[in-house]
J.: 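Got a structure for you, written out below as structure tokens; questions coming shortly.
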Amino acid sequence: MRLSVDVVIVGCGVSGLVAALSLPEQLRVLVIAKGGLEESNSILAQGGMSVLLDETDEDDYFADTLEAGHGENRECTVRIMIGESRSALDYLRELGVEFDTDSQGQLDYTREGGHRKRRICHFKDYTGREIITKLLQRAQQRDNVTFMDHTTMVDILESSGTCVGVRAVDGQGDELEIESGWTILATGGVGGLFEQSTSFPIMTGDGCRIAREHGVRLENMDYVQFHPTGLYSPGDVRAVLVSESTRGEGAVLLDAKGERFTDELLPRDVLCEEIRRKMEEEGSSYVRLSFEGLDADAVKARFPGIYESCLERGYDMTREPIPVCPVQHYLMGGIHVDENSLTTMPRLFAVGETSCNGVHGANRLASNSLLESVVFSRRAAAEITRQHAACQTGTA
Ligand code: SIN
């Protein structure tokens with residue numbers, strides 16, 4: 001079957017949906033998803049979305065991001081992400097996304113590893129689900145946006161070095177040739193290639209692999225992040241994430257003797273190393289995370305998703321420490337893009353975890369991924385809008 005649209009978006013996590021919603025309504029947009037429409041890593045995001053608190057926070061936020069990233073970040077894109085963070089937050093709230101507030105109605109910021117301040121907006125411990133639910137509702141209301149689930153991209157279409165669409169296979173096994181003016185890859189990361197990951201297994205780096213086959217530049221594909229605290233549960237297909245915000249709110253890591261052995265809010269890669277060293281020393285597959293110092297009812301109210309997931313696996317985290325260990329979590333590298341998410345191939349864009357715009361450097365600062373997805377997907381849509389207008393007026 002042959003289809004023709006203005007823009008095809010491959011992937012329906014936060015970055016794919018924000019791009020779809022940010023494009024002008026006169027453009028025909030098709031979003032294809034490898035699994036179900038809710039099968040994206042974004043929906044699993046617990047901790048939240050980091051934002052600039054106010055102008056006095058700018059240098060601190062910049063320094064935290066660079067320190068976590070070992071200075072390998074692209075400084076100009078970090079400045080863009082931080083500078084556009086408040087407007088990204090306003091944009092989501094205007095679309096109806098809710099974030100927790102305190103009794104005065106002010107945002108209830110939490111803290112995670114590597115942040116010197118509480119600057120993370122969240123909705124309980126299922127921020128990603130709240131964002132995806134609202135974005136999906138909005139996108140499904142749009143007349144110009146169509147969705148095809150269980151449809152896998154198998155190639156991109158190239159003509160004279162320019163991307164002109166994608167080839168895909170739908171749920172019935174039928175091949176589709178989707179011609180498009182512009183193509184956005186939002187296929188997530190590579191977690192499905194790892195034995196233990198917080199990712200859905202369908203995230204197998206398709207966008208990066210196919211882009212590379214066409215000579216599109218990739219960057220830092222070996223920069224893979226492990227999350228310090230996945231629930232140790234060997235039978236699980238996908239590791240249960242135990243958000244860093246649990247540690248931001250006071251949960252502590254314990255060794256086999258029940259003693260603290262590290263600073264729980266170190267940047268992720270440093271903390272993973274501390275935990276690995278402790279596991280090796282003890283000959284164990286996990287360490288323990290204890291909520292003992294926290295009020296049990298407050299824990300259940302603040303972390304209902306994690307509480308339930310642990311309970312389903314036989315652990316009541318309000319009564320006993322839970323076993324945790326580092327698990328694959330995120331790809332900092334990806335398809336090299338500029339500050340407008342354009343790849344090295346004309347008319348081919350990449351956003352979210354699939355892309356590498358350099359904001360994360362060698363190690364992503366916690367809760368910078370939802371923010372990065374919103375900011376740079378909006379920029380991709382703005383650039384496509386500009387290019388489309390230039391084509392219409394013959395100034396392209
Ligand atoms: C978490 O809640 O710990 C994960 C958030 C993130 O990956 O940034």
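Both counts, for ligands and for their atoms, begin at 1 and track the order of listing.
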J.: Could an N or O of ligand 1 be found under 3.5 Å from any N or O of R268, whether backbone or side chain?
T.: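 Yes: some nitrogen or oxygen of R268 is under 3.5 Å from one in ligand 1.
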
J.: Less than 6.0 angstrom from the centroid, inside 45 degrees of the normal: does R276 satisfy that with respect to the ring of F226?
T.: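 Judged by the rule, R276 and F226 form a cation-pi pair.
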
J.: Could you say whether the N/O atoms of S369 and ligand 1 ever approach to under 3.5 Å?
T.: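 Such a contact does not occur with ligand 1.
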
J.: Would you indicate whether D174, at its atom CG, is surrounded by more than 12 heavy atoms from other residues, nucleotides or ligands within a distance under 6.0 Å?
T.: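 Yes, because the 6.0 Å sphere around CG of D174 holds more than 12 heavy atoms from other groups.
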
J.: Going by the atom numbers of ligand 1, which of them fall below 4.0 Å from some non-hydrogen atom of E244?
T.: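 Those of ligand 1 that fall under 4.0 Å from E244 are 1 (C), 2 (O), 3 (O).
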
J.: Looking only at heavy atoms of A366, does any of them come nearer than 4.0 Å to an atom of ligand 1?
T.: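 Yes, A366 has heavy atoms under 4.0 Å from ligand 1.
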
J.: Is there a polar contact, in the sense of an N or O pair closer than 3.5 Å, between S367 and ligand 1?
T.: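 Checking ligand 1 against S367, an N or O pair does fall under 3.5 Å apart.
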
J.: Can you name the residues that form a ring-ring contact (aromatic ring centres under 6.0 Å, His included) with Y286, not counting sequence neighbours?
T.: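 ring-ring contact (aromatic ring centres under 6.0 Å, His included) check on Y286 returns Y232.
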
J.: Using a 4.0 Å cut-off to any heavy atom of H329, which atoms of ligand 1 qualify?
T.: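 Ligand 1 atoms under the 4.0 Å threshold to H329: 4 (C), 6 (C), 7 (O).
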
J.: Look only at interatomic distance and state if H227 has a nitrogen or oxygen under 3.5 Å from any nitrogen or oxygen of ligand 1.
T.: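 Among all N and O atoms of H227, at least one is under 3.5 Å from an N or O of ligand 1.
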
J.: Can a salt bridge be assigned to the pair D64 and R119 using a cut-off of 4.0 Å between side-chain N and carboxylate O?
T.: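 Looking at R119 together with D64, the answer is yes, because their closest N to O distance falls below 4.0 Å.
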
J.: What are the atoms of ligand 1, with element, lying closer than 4.0 Å to any heavy atom of E112?
T.: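 Those atoms are 1 (C), 2 (O), 3 (O), 5 (C).
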
J.: Starting from atom 2 (O) of ligand 1, locate the nearest protein heavy atom and write down its residue, its atom name and how far away it is, to 0.1 Å.
T.: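 Looking at atom 2 (O) of ligand 1, the protein heavy atom closest to it is S243 OG, 2.6 Å.
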
J.: Check whether more than 12 heavy atoms from other residues, nucleotides or ligands sit under 6.0 Å from atom CZ of R129, and answer yes or no.
T.: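 Counting other residues, nucleotides and ligands, CZ of R129 stays at 12 neighbours or fewer.
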
J.: Please find out if less than 6.0 Å separates the ring center of H360 from that of Y223.
T.: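 So the answer is no for these two rings.
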
J.: Flag this pair as yes if the NZ/CZ of R238 is under 6.0 angstrom from the six-membered ring centre of F200 and inside a 45 degree cone about the axis; otherwise no.
T.: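 So R238 does make the cation-pi contact.
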
